[in-house]
Structures are given as C-alpha cells and as structure tokens.
There are 2 protein chains.
Amino acid sequence: MSERKYNFSAGPAVLPLPVLKKAQEELLCLPGCGASILEISHRSKQFGEILAQTKANVRELLNVPENYKIMFLQGGALTQFAMIPMNIIRNREVSADYVVTGNWSKKAASEAKTQGKINVIFDDKEEGYVRKPKDEELRTTPGAAYCYICANETIEGVQFQKEPNVDLPLVCDASSEIFSRPVNMEKYGILYACAQKNAGPAGVTLVIMRDDFVEMSGDDLPSMFSYKKLAEKDSMLNTPPTFGIYIMKLVTDWLKEQGGLQAMYEKNLEKAKLLYDAIDASNGFYRVHANKEYRSFMNVSFRLPSEELDKKFQEEAKAYDLVSLNGHRSVGGERASIYNAMPREGVVALRDFMVEFAKKNA
Amino acid sequence: MSERKYNFSAGPAVLPLPVLKKAQEELLCLPGCGASILEISHRSKQFGEILAQTKANVRELLNVPENYKIMFLQGGALTQFAMIPMNIIRNREVSADYVVTGNWSKKAASEAKTQGKINVIFDDKEEGYVRKPKDEELRTTPGAAYCYICANETIEGVQFQKEPNVDLPLVCDASSEIFSRPVNMEKYGILYACAQKNAGPAGVTLVIMRDDFVEMSGDDLPSMFSYKKLAEKDSMLNTPPTFGIYIMKLVTDWLKEQGGLQAMYEKNLEKAKLLYDAIDASNGFYRVHANKEYRSFMNVSFRLPSEELDKKFQEEAKAYDLVSLNGHRSVGGERASIYNAMPREGVVALRDFMVEFAKKNA
C-alpha cells in the first residue's frame with residue numbers, strides 16, 4: 001500500500017481505493033458464489049444481480065428517464081464512433097452534424113464518414129482546439145439526425161461547461177467526464193463513455209440511449225453491431241465484460257456514498273481550482289492550452305516554457321510520488337488528470353510541487 | 001479460500017488458483033507502478049511489457065509461425081462471427097465455406113450471411129449435432145476464401161479430434177479448447193478464441209491471423225472493424241482490455257510452468273476419461289449427447305433418465321461443493337466443463353459423486 005503513488009494518468013486512470021480494496025478482498029471468492037467474479041457465468045443469479053444493481057446505480061446517479069436504455073458494451077469509444085452512424089444514419093439516408101473541438105470529436109467525425117453523410121458544423125482547428133462553440137455559432141442542418149459533441153476533450157483539456165443549446169438531440173462522448181457532474185439527460189439521444197477514465201477499467205463502455213434511437217438500427221446489421229439487438233438482450237447478447245461491469249458497480253456504489261454527482265461536481269471544481277489558481281499565479285511559467293472559460297476540470301493540460309523544463313518537471317515530480325503527468329504523445333507538455341477518484345490530497349501535493357518548481361526554475 | 005467450490009461453469013469459467021492469487025496480491029499495486037493494473041496507461045512501459053510477454057507466451061505455446069499476427073480484441077466470438085466475413089469476403093466478392101456442427105458454428109454462419117455469400121458444406125442438424133464430419137464428407141467450393149469450423153461445440157460437447165483435412169485455410173473458433181492441446185497452426189488462416197473459457201476473463205478475444213488474411217481488409221471499414229488497422233497498431237488502436245490481457249499473461253505463464261500444451265493435453269484426456277468411463281459404466285443411467293468418437297474432452301454434456309433426476313443431481317451435487325453443472329439453457333441436462341484450470345481432484349470428486357448418485361437412483 002505504501003507503494004501507491006498519486007497517479008495522474010488520463011486513462012486507464014486512478015480508481016477509488018475502497019473499490020480496489022473490495023475487489024481485492026473478493027477476487028478469490030465472491031461471497032456466496034464459491035468462485036471469483038472472473039469465473040462465474042454471466043447468466044448466474046449472482047452476476048444478474050450485479051448487472052441490475054450497476055444499471056440501477058447509473059440510472060439513479062445520472063437521473064436517466066425510463067425511456068432510455070442503459071447498456072454495457074465493448075470496444076471503447078472508437079467502436080461507438082462507427083456504431084452510432086452505422087445504426088442511426090447509414091440505413092435511413094439522413095445526415096448528422098458534428099462539432100469538432102479536439103482530437104476525439106475529429107476522430108469520431110472521420111469514422112462516421114465511413115457510414116454516411118456528416119456535416120461538420122463547427123471546427124476549431126485554426127485556433128488549435130482551445131475552446132467550445134458558443135450556441136449562436138451552431139447552425140444545425142435541416143433533416144440531420146443528431147448533433148455530435150465530445151463533452152470533454154481529454155487531450156486538449158477543453159470542456160463544455162454546459163450542454164450546447166441546439167434543436168437536435170445530442171449524441172455525446174462523455175468518456176472523460178462521465179459521473180463528474182449532473183447532466184440533463186433529456187437533451188441526449190445517446191450519451192456514452194468508455195469506462196477507463198472515470199467509471200471503471202478498460203474494456204467496458206457505458207451507452208445510454210433513448211428508445212427511439214435504439215429502434216433506428218437497420219435489420220441487416222450483424223448482431224453485435226446492432227443497438228436494437230444488444231438492447232433487447234439487456235447487454236447479454238453474448239458474454240459481457242463481467243469484471244468491468246462489477247468494478248463499475250463498485251465505483252457507482254462509491255459515488256452514491258460520496259453524495260452523488262452534485263457533491264462530486266463541487267469537489268471536482270474545487271480540485272481543479274487549486275491547480276488553475278497556481279497556474280494563473282505563476283506569471284506565465286505554466287501555460288494552459290485551453291481558453292480560460294473552457295478549461296476542463298478533469299484534464300488540466302498545460303506546458304512549461306521549454307521542452308527541457310517539461311522533462312525536468314516530470315522527472316522531479318516522481319520524487320514526490322506524482323506520476324503519469326506527461327501530456328498526450330500528440331501534443332506533449334503536461335497533463336494532470338484529476339478524475340473523481342483522485343483525492344484532494346493528491347491535487348494539493350501536485351499544486352505544492354508546482355509552486356515550488358516554478359519558484360526554483362522561473 | 002475454504003469457500004471455493006469445484007466450478008464446472010462453461011464460461012466464464014474456472015481459472016488457475018495461482019493466477020487468481022497473483023492477481024489478488026498485485027491488485028492494489030503492480031510492482032514498480034505505484035498503481036493497480038486497472039489504473040495504468042496502456043501506453044506505459046509496464047503495460048507494454050505485459051502485452052509483449054503475453055504475445056510471446058501465446059507464440060511459444062501454440063508454436064505460431066512468424067507470418068501470423070497475434071491480436072487481443074474485444075467483443076467476444078460473436079463479434080468475430082461478423083468481422084471475419086466483413087474483412088475477408090465482403091469486399092473481395094468471394095464466398096466462404098461453413099461447417100455447421102452445433103450452436104456456435106450455426107450462429108457464425110448466420111452472422112456471416114449479413115456480409116456475403118457463404119456455403120454450408122456440412123450441417124449435422126438432422127442427427128442433432130452429435131458428430132463432426134469425416135474428411136471425405138467435406139467438399140469445398142471452388143474459389144471459396146476459407147473453410148470455417150468450430151473446433152469444439154461447447155453446448156453439445158462435440159469436438160474435432162484433429163484438424164479436418166481440406167484444401168482451404170481453416171478459420172476456426174477455438175473458444176472452448178484454446179490451449180487445451182497442441183495445434184498445427186499452418187492449417188489455419190485464422191484461429192481465434194474468446195478468453196473466458198480456457199484463457200482468461202470475459203472481455204478479451206485472442207485472434208491469431210496469417211499475414212495474407214490480415215491484408216484482405218477493405219479500406220472502407222471503420223478502424224475498429226479492420227484487422228489490418230488493428231494489426232498495424234499491435235492491438236493498441238485504442239485502449240485494449242488491459243486487465244484481461246494481464247490475466248491472460250498469468251494464465252499463459254502458468255501453462256508454461258505446467259509443461260506446455262502437450263502436457264496439458266495428456267492431463268485433459270485423463271480427466272475426461274475419468275468422467276466418460278463412469279458414464280459408460282452406468283448402464284445407460286448417464287447418456288452422453290455426442291457420438292463416442294467426437295466426445296469433447298473440455299465439455300462433458302450428458303443427461304439423466306428424467307428431468308426430475310437432472311434437477312435432483314444438480315441439487316445434491318451442491319452439497320459436495322460441485323457447482324454450475326447445468327447444461328446450456330437451450331438443451332438442458334448436465335454439462336461438466338473441465339478446462340485446463342479444473343484440477344484433477346475436482347473431476348475425481350465429480351466422478352465419485354456420479355457413481356454414488358447412480359447407485360442410489362438407478
């Protein structure tokens with residue numbers, strides 16, 4: 001235990017310690033099962049209860065209305081990038097609007113093009129992906145099926161501070177901010193998130209989908225690519241990623257114990273403020289990538305005056321047990337991912353180190 | 001620990017106890033990482049080593065030639081049922097031959113039909129899926145790209161005892177027998193297996209593919225459905241199921257310690273013989289589904305003289321810590337899955353119970 005460090009990895013990322021302890025305790029034998037969670041049938045009574053409780057937790061935490069299905073799929077966000085247009089626009093010969101605000105929404109738009117007509121209605125490429133659009137910049141396309149957004153661009157650290165106000169149902173990749181704040185589900189046709197940032201381990205993707213979207217799947221699709229077939233079988237069309245769902249149950253149990261998403265939101269804002277205040281007080285030694293009003297409270301992306309200092313910063317941080325602070329390989333610099341499970345103490349330790357490092361190296 | 005029972009589940013299924021113990025020991029903190037395997041980046045040095053070692057173990061155990069790629073994908077066998085024809089026959093306007101010997105090959109053929117022309121060259125439906133074809137029954141189709149087989153039909157307990165001799169590369173679902181015996185890889189274009197029966201937990205699928213098959217993917221496919229793109233990025237096109245791969249590393253480490261696949265094969269044959277001998281000596285009290293020469297040494301599917309006795313058998317077995325003996329919901333009866341990780345003691349305990357139960361109830 002004393003070996004554990006403050007882990008700022010963007011994903012797979014830190015999990016709540018009580019979740020890991022519980023999983024460890026039960027790993028040889030899930031109570032009442034005679035076997036590990038890794039070894040029991042997905043059709044067993046015990047796994048059925050885990051699946052049902054995970055769904056109930058998600059429904060409660062995100063306040064998901066009854067006309068939305070909750071599914072646990074595989075393949076990460078990159079699979080959803082393709083499955084969404086494959087199910088929603090391909091067969092119905094409609095188009096879809098995409099809002100491009102960074103690496104992940106750009107990739108989603110690119111994958112969607114393999115399945116049908118998409119309209120990029122905003123692209124912040126020229127500014128270098130530093131902000132989200134204002135509502136008045138978004139003109140949706142007549143007849144489009146949905147408006148696609150990435151709630152939080154993990155690489156650039158750029159986040160929608162609230163849902164954009166458009167006249168289409170939103171389809172949203174919330175991978176790096178799911179469960180970090182309350183959301184207004186009624187604005188969404190689809191809200192999805194791979195688990196490995198804020199909800200569990202790699203290998204399970206939470207997909208929440210309004211019933212009319214579920215029904216759009218073409219009948220010619222292979223079973224595993226059809227939301228309709230997946231939803232009909234309640235994520236059990238084949239063996240689901242049972243361990244990932246079990247960990248998501250433990251994470252959502254923990255979130256409820258923490259007071260739910262409003263409480264998490266307040267904690268997250270306060271943690272982010274600790275870092276951004278230190279950055280803003282550094283006289284430009286630390287520079288944030290995102291424009292001020294769009295700064296992410298999940299991924300604090302910043303850089304130092306030189307690549308040499310970036311390197312030195314990350315190296316010296318390790319001596320303080322602050323690890324995985326490197327920026328994404330596509331942009332470099334630093335990134336501190338401070339998801340729900342990152343304790344305030346970890347953020348304070350990083351802040352203190354940053355203040356000290358700036359003093360010595362400015 | 002004393003709570004653990006002999007678990008005959010068909011999948012997810014029993015794992016080697018040393019694997020579970022190692023995973024438990026490391027679950028809070030992977031040595032040298034400062035974090036759990038669940039929490040570290042897939043691009044970290046540590047995970048890179050795990051991935052490389054798992055691949056090396058698979059290559060060594062199955063004696064995989066250098067002109068085959070080894071990939072760790074998501075979505076289970078049902079996803080492969082669609083991806084294989086999507087990559088291999090759809091764009092190239094060729095057909096494929098399917099050998100239908102039970103539930104899983106039947107489903108594979110059905111999913112393949114969504115992608116192109118398939119030829120069912122053998123179907124044992126009329127006999128009730130009790131056997132595999134003899135070589136002389138298999139006439140392949142001129143121009144077909146591959147011949148698809150399911151090595152072991154988990155539900156019916158029917159197994160190829162060796163690779164069929166056909167003039168096409170085999171594409172094989174080995175989900176419920178991977179690592180149970182040596183294979184002649186050169187007969188295969190694709191050999192794949194979901195992990196949750198004999199190789200690890202649910203959520204990771206091992207796919208071994210000859211280079212010329214990898215190259216067949218159409219360029220119009222979404223990235224996650226293209227073997228070519230997945231292989232190019234060495235299973236890291238996006239975040240792979242890191243924990244599942246880690247467990248597969250531990251399982252394959254354990255297999256090597258056990259003496260490799262020839263040693264496992266001998267143990268497996270001996271375990272299966274214990275049960276089949278007891279069945280054959282029961283004067284018809286226990287009846288095996290499969291024809292004698294095609295009996296699976298992984299899944300022993302049998303039934304008792306009545307459904308009442310089936311129920312009584314399963315109920316009383318629990319008192320002896322013998323669990324998950326129910327047959328698949330589509331066929332009923334009993335099924336004892338005796339994968340690599342089922343210890344001989346468990347099989348002996350089941351055999352002894354079966355002998356005793358037959359004596360009392362015949």
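Fair warning: this is a prediction, and the values are worked out from it, not measured in the lab. Each chain gets a letter, A, B and so on, in the order the sequences are listed, and its residues count up from 1.
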What part of [X] is in contact with chain B, defined as an atom under 4.5 angstrom from a non-hydrogen atom: side chain, backbone, both or neither?
{"X": "A/I40", "answer": "backbone"}
{"X": "A/Q115", "answer": "side chain"}
{"X": "A/S324", "answer": "neither"}
{"X": "A/P240", "answer": "backbone"}
{"X": "A/L73", "answer": "neither"}
{"X": "A/Q24", "answer": "both"}

I need the residue from [options] with the largest number of non-hydrogen atom pairs under 4.5 Å to chain B.
{"options": "A/G200, A/A13, A/A10", "result": "A/A13"}
{"options": "A/N326, A/L15, A/T242", "result": "A/L15"}
{"options": "A/P85, A/G75, A/S41", "result": "A/G75"}

What residue, out of B/Q74, B/E26, B/M86, has the most heavy-atom pairs lying under 4.5 Å from chain A?
B/Q74
Among the listed options B/P241, B/G203, B/P201, B/G244, the residue most often paired with chain A at heavy-atom distances under 4.5 Å:
B/G203
Just by distance, with hydrogens left out, do [X] and [Y] show a side-chain donor and acceptor under 3.5 Å apart?
{"X": "B/S175", "Y": "B/D173", "answer": "yes"}
{"X": "A/E153", "Y": "A/S105", "answer": "yes"}
{"X": "B/T114", "Y": "A/D220", "answer": "no"}
{"X": "A/E111", "Y": "B/S223", "answer": "yes"}

Ring pair (Phe, Tyr, Trp, His ring centres under 6.0 Å) contacts touching residues 11-42 of chain B (sequence neighbours left out):
none
Parallel, tilted or perpendicular: ring planes of B/Y148 versus B/F81, cut at 30 and 60 degrees:
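Because their plane-to-plane angle is over 60°, the rings of B/Y148 and B/F81 count as perpendicular.
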Would you say NZ of A/K22 has more than 12 non-hydrogen atoms from neighbouring residues, nucleotides or ligands within 6.0 angstrom?
no
Does A/F225 have any ring pair (Phe, Tyr, Trp, His ring centres under 6.0 Å) partners at least two apart in sequence or in another chain, and if so, which?
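Ring pair (Phe, Tyr, Trp, His ring centres under 6.0 Å) list for A/F225, sorted by chain: B/F225.
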